[in-house]
Amino acid sequence: GAVVSQHPSWVICKSGTSVKIECRSLDFQATTMFWYRQFPKQSLMLMATSNEGSKATYEQGVEKDKFLINHASLTLSTLTVTSAHPEDSSFYICSAGGSTSGLFSYEQYFGPGTRLTVT
Amino acid sequence: QQQVKQSPQSLIVQKGGISIINCAYENTAFDYFPWYQQFPGKGPALLIAIRPDVSEKKEGRFTISFNKSAKQFSLHIMDSQPGDSATYFCAATIFGNEKLTFGTGTRLTIIP
């Protein structure tokens with residue numbers, strides 16, 4: 001149980017275009033989803049926290065208008081990188097937390113990540 | 001300040017040896033300390049986690065040692081195998097907050 005999927009697993013786009021990344025919790029309801037960014041050989045940097053049905057909370061320094069997050073249901077959150085530029089190239093990872101089997105869990109379950117390359 | 005410091009940055013251990021990764025935190029409000037294993041091109045996977053009410057937790061070859069007074073915790077991998085070669089992240093969080101504060105990561109290489 002507790003499987004999180006991401007789609008696509010990798011994407012190449014041209015500078016100036018927008019890219020949408022989906023994050024789905026497959027077998028549990030994710031009350032909270034998190035979006036991270038990871039550069040090569042570095043740690044995960046939290047970009048934003050999203051709760052189902054409400055606006056995302058962005059970390060300091062993360063542009064809200066550039067990284068649009070929507071958490072429309074308890075199993076789906078999307079990250080849209082708008083007007084992408086080469087510096088947005090990175091590994092984007094989502095995680096989902098919330099109740100499994102009706103019990104609160106500290107645990108976050110991570111997706112496999114999406115490699116974005118902007119040319 | 002909500003930092004988690006992790007060391008070493010990289011570690012090479014011979015097959016069958018013990019791998020030890022250390023983390024230190026500053027915020028005494030942290031009450032959940034997970035370790036994650038990440039292979040190249042993949043998302044992190046939860047390995048083992050501990051609450052501050054116990055000093056040690058063991059799951060198979062993986063053990064967390066926790067020192068509340070020193071605000072330190074460590075991961076021990078016994079009988080290290082080449083398949084354990086990965087990057088390991090410690091993390092910490094506060095009940096009700098859910099946001100994880102990650103360490104900087106340790107790249108572990110197990111050599112035959």
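Please read all numbers here as calculations on a predicted model, not as lab measurements. Side-chain atoms are counted along with the backbone in the values below, which use heavy atoms only and exclude waters and symmetry mates.
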Given B:Glu59 and B:Lys57, is the salt bridge (charged side-chain N to carboxylate O under 4.0 Å, His left out) satisfied, shown in steps? CA-CA 7 Å; B:Glu59 288 184 2; B:Lys57 183 175 181 180; 3.7 Å; yes

Name the residue from B:Tyr88, B:Phe62, B:Phe73, B:Phe89 that meets the ring pair (Phe, Tyr, Trp, His ring centres under 6.0 Å) definition with B:Trp35. B:Phe73

B:Glu56 and B:Lys58 ion-paired at < 4.0 Å: no

Quick check on B:Pro34 against chain A: is it the side chain, the backbone, both or neither that has a heavy atom closer than 4.5 Å? neither

Taking side chain as everything from C-beta outward and backbone as N, CA, C, O, which of these in B:Gln6 sits under 4.5 Å from a heavy atom of chain A? Side chain, backbone, both or neither. neither

If you tally heavy-atom pairs under 4.5 Å against chain B, which of A:Leu44, A:Leu46, A:Val4 wins? A:Leu44

Determine the option with the most heavy-atom pairs under 4.5 angstrom with chain A, choosing from B:Gly41, B:Ala49, B:Pro40, B:Ala91. B:Gly41

Are the aromatic ring centres of A:Phe110 and B:Tyr36 under 6.0 angstrom apart? yes

Heavy-atom contact with chain B under 4.5 Å, split by part of A:Gln6: neither

Could you list all the disulfide (SG to SG under 2.5 Å) pairs where at least one residue sits in residues 10-40 of chain B, not counting sequence neighbours? B:Cys23-B:Cys90

